[in-house]
Amino acid sequence: MTTTRDVKRIAVVPGDGIGAEVTNESLAVLEHLRETHGVAVELQHFDWGADKFLREGVSLPEGALEILSNEFDAILAGAFGDPRVKSNQHAEDILLGMRRGLDLYINLRPVRLLDARLTPLKDRTTGEINFVVFRENTEGSYIGAGGFLKRGTPHEIATQEELNTRHGVERIIVAAFEYARAHGRRKVTMADKSNVQRYGGDLWQRVFREVAAGYTEIEANHQYVDAMAMFMVLNPAQYDVIVTNNLFGDILTDLGAALQGGLGMAASGNMHPGRVSLFEPVHGSAPPLAGKNVANPIGSILTAAMMLEYLGFTAAGEAVEAAVGASVTAGETTRDLGGTLSTTEAGAAIRRRIRAGS
Ligand code: NAD
Ligand code: IPM
Ligand code: MN
């Protein structure tokens, strides 16, 4: 539980590819905050990832979920995915295993433009791209249900099932409205494909209307997800809080990442309030960039800031966000943002700004 320990305990799982490089920069920021903001955290590293899987055949070790939920307040992860593991089995076991196994039903992914120069959209100001996505994180198309019939024959049939429970749909929609209320957001928009996905869509529609009725001060509206993908590009300023299912949330948040400067910028938290929660950047292991000291560490560092705020270190989290904003505006960035810095130099620039108070 997050409230009982004086010194918060963080499990660090860097994972594969650039995961380790960007996580190192987040850890350096945490170390720095010990001095500047008195943030006392205890870190324990776990080597779960492709190397261990290939070496020992172990992805998420037995008993790992119990250890995480009993002994830690938060998990800081990098990325999982390696070209040597074609099946992606280890990534699924570790990442989806933690999300589902720890019942982390909220995947909160902010989309916030820190500097107008970063967005590929023409003539957009920072105020126009500033919303949060609540992605359902434990069910939908991610449950791994389905199967093959006559596999490998010309008459093959593959089914892939989607699960929507009343409990699961309700709790993510409630979380979105609660967040809107707590953060002074005026609108919650639900995205679905209820014009085609009649049963799941119908459930989401009904629950959305019922929950919205309890939040009369917040505007509740609905868009089909295909239209939302278009409007996110044409008119992102209309969004405040978006709530959607697991798969649509995955896709829309890569688009959202692009709006704020690319995957290297996007942060995310997998949460179950009051329980150990998992923080990881939106991006993957980016194999072509791995080991070159070129990956953008900001997605991971903003993720660490989210984690700090979740753990109650609000001032420290805000200081990190301010430092990131200032370093982006000063052009102290990696190449994906048009700068010339390496991963480690970009991290150092952010730490300098934390010390200087941005
Ligand atoms: P990716 O996010 O790794 O890369 C997509 C694109 O974004 C690439 O062009 C990459 O260079 C760029 N990019 C990503 N992060 C960046 C950063 N920090 N700085 C600069 N550029 C960055 O997605 P992908 O290529 O589709 O997937 C690669 C592997 O990662 C796959 O195995 C995939 O399954 C896995 N993956 C894991 C996670 C996760 O662990 N949460 C998320 C997405 C993908
Ligand atoms: C993400 C990733 C994961 C997902 C993959 C790697 C399983 O794309 O975190 O966005 O689909 O959720
Ligand atoms: Mn994704």
Side-chain angles (χ1 to χ4, degrees), residues 13-26 48-50 53 59-60 75-100 104-111 118 120 133 135-144 160 244-258 260-271 278-304 324 328 333-347 350:
V13 196
D16 307 325
I18 64 166
E21 294 164 70
V22 299
T23 303
N24 271 340
E25 296 313 310
S26 281
W48 309 335
F53 183 66
S59 51
L60 186 67
I75 305 154
L76 181 66
F80 304 92
D82 186 299
R84 294 170 299 169
V85 187
K86 298 269 178 285
S87 65
N88 208 30
Q89 184 66 49
H90 74 295
E92 218 178 298
D93 291 351
I94 298 168
L95 192 60
L96 302 186
M98 288 194 285
R99 288 179 186 168
R100 266 202 309 265
L104 306 176
Y105 66 95
I106 299 168
N107 189 188
L108 175 54
R109 296 187 157 183
V111 177
L118 296 187
V133 179
R135 168 190 179 190
E136 200 294 319
N137 212 27
T138 53
E139 42 188 59
S141 307
Y142 277 67
I143 54 165
Q160 188 78 50
T244 192
N245 73 21
N246 208 337
L247 184 60
F248 298 152
D250 177 46
I251 298 166
L252 290 171
T253 54
D254 265 30
L255 177 49
Q260 51 187 325
L263 270 168
M265 297 298 290
S268 102
N270 303 263
M271 300 182 290
L278 162 66
F279 296 83
E280 38 139 10
V282 174
H283 67 73
S285 55
L289 305 186
K292 297 184 177 153
N293 197 17
V294 295
N296 185 350
I298 289 180
S300 178
I301 290 173
L302 290 176
T303 293
V324 168
V328 164
T333 60
T334 45
R335 289 184 232 164
D336 53 311
L337 301 188
T340 57
L341 301 189
S342 65
T343 306
T344 43
E345 288 166 345
I350 291 166

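In listed order, ligands and their atoms are each counted from 1. For the numbers below, each heavy atom of this structure counts, side chains included, while hydrogens, waters and symmetry mates do not.
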I'd like to know if the side chain of [X] reaches the main chain of [Y], judged simply by a donor and an acceptor atom lying under 3.5 Å from each other, with no hydrogens or angles considered.
X	Y	answer
D93	S59	no
N88	A91	no
S26	S300	yes
T343	A295	yes
D16	G49	no
S285	G81	yes

For ligand 1, which atoms, with element, lie under 4.0 Å from some heavy atom of [X]?
X	answer
N88	34 (O)
A295	19 (N)
A79	40 (O)
I18	15 (N), 16 (C), 17 (C), 18 (N)
L289	11 (O), 20 (C), 21 (N), 22 (C)

Could you find the nearest protein heavy atom to [atom] and give me its residue, atom name and distance?
atom	value
atom 29 (C) of ligand 1	S285 OG, 3.3 Å
atom 1 (P) of ligand 1	G284 N, 3.5 Å
atom 14 (C) of ligand 1	H283 CB, 3.6 Å
atom 41 (N) of ligand 1	E280 OE1, 3.0 Å
atom 40 (O) of ligand 1	F80 N, 2.9 Å

Option with minimal heavy-atom separation from [atom], where the choices are [options]:
atom	options	result
atom 4 (O) of ligand 1	I298, T334, L263, L95	L263
atom 10 (C) of ligand 1	A266, A286, G19, A290	A286
atom 28 (C) of ligand 1	S300, G81, P287	P287

Between E136 and T138: side-chain donor-acceptor atoms closer than 3.5 Å
yes
Validation row: [X], [Y] side chains within 4.5 angstrom (heavy atoms):
X	Y	answer
V111	L252	no
I106	N137	no
L337	I298	yes
E345	N293	no
R335	T340	no
V294	T334	no
E139	N246	no

Look at [atom] and say whether a protein heavy atom is found at less than 4.0 angstrom from it.
atom	result
atom 19 (N) of ligand 1	yes
atom 35 (C) of ligand 1	yes
atom 8 (C) of ligand 1	no
atom 24 (P) of ligand 1	no

Sorted by chain and residue number, the salt bridge (charged side-chain N to carboxylate O under 4.0 Å, His left out) partners of R100 (sequence neighbours excluded) come out as none
Closer than 4.0 angstrom, basic N to acidic O: yes or no for E280 and R99?
yes
Contact set, ligand 2, heavy-atom distance under 4.0 Å, ordered by chain/number, equals R99, R109, R135, Y142, D250
Exercise. Validate the cation-pi geometry between R135 and Y142: distance from NZ or CZ to the six-membered ring centre under 6.0 Å, angle to the ring axis within 45°.
Key: yes
Note: V282, heavy atoms under 4.0 Å from ligand 1, region reported as backbone
By side-chain hydrogen bond (donor to acceptor under 3.5 Å, both in side chains), T23 pairs with (sequence neighbours left out) none
Exercise for the section: May I ask you to check if ligand 1 and N296 share an N or O to N or O distance below 3.5 Å? Expected result: yes
One checks the Mn ion (ligand 3) and counts protein N, O or S atoms under 2.8 Å, reaching 1
On a heavy-atom basis, the closest approach of S268 and T303 is N-OG1, 3.4 Å
Contact between ligand 1 and G299 is defined here as a heavy atom of the residue under 4.0 Å from a ligand atom; is it met? no
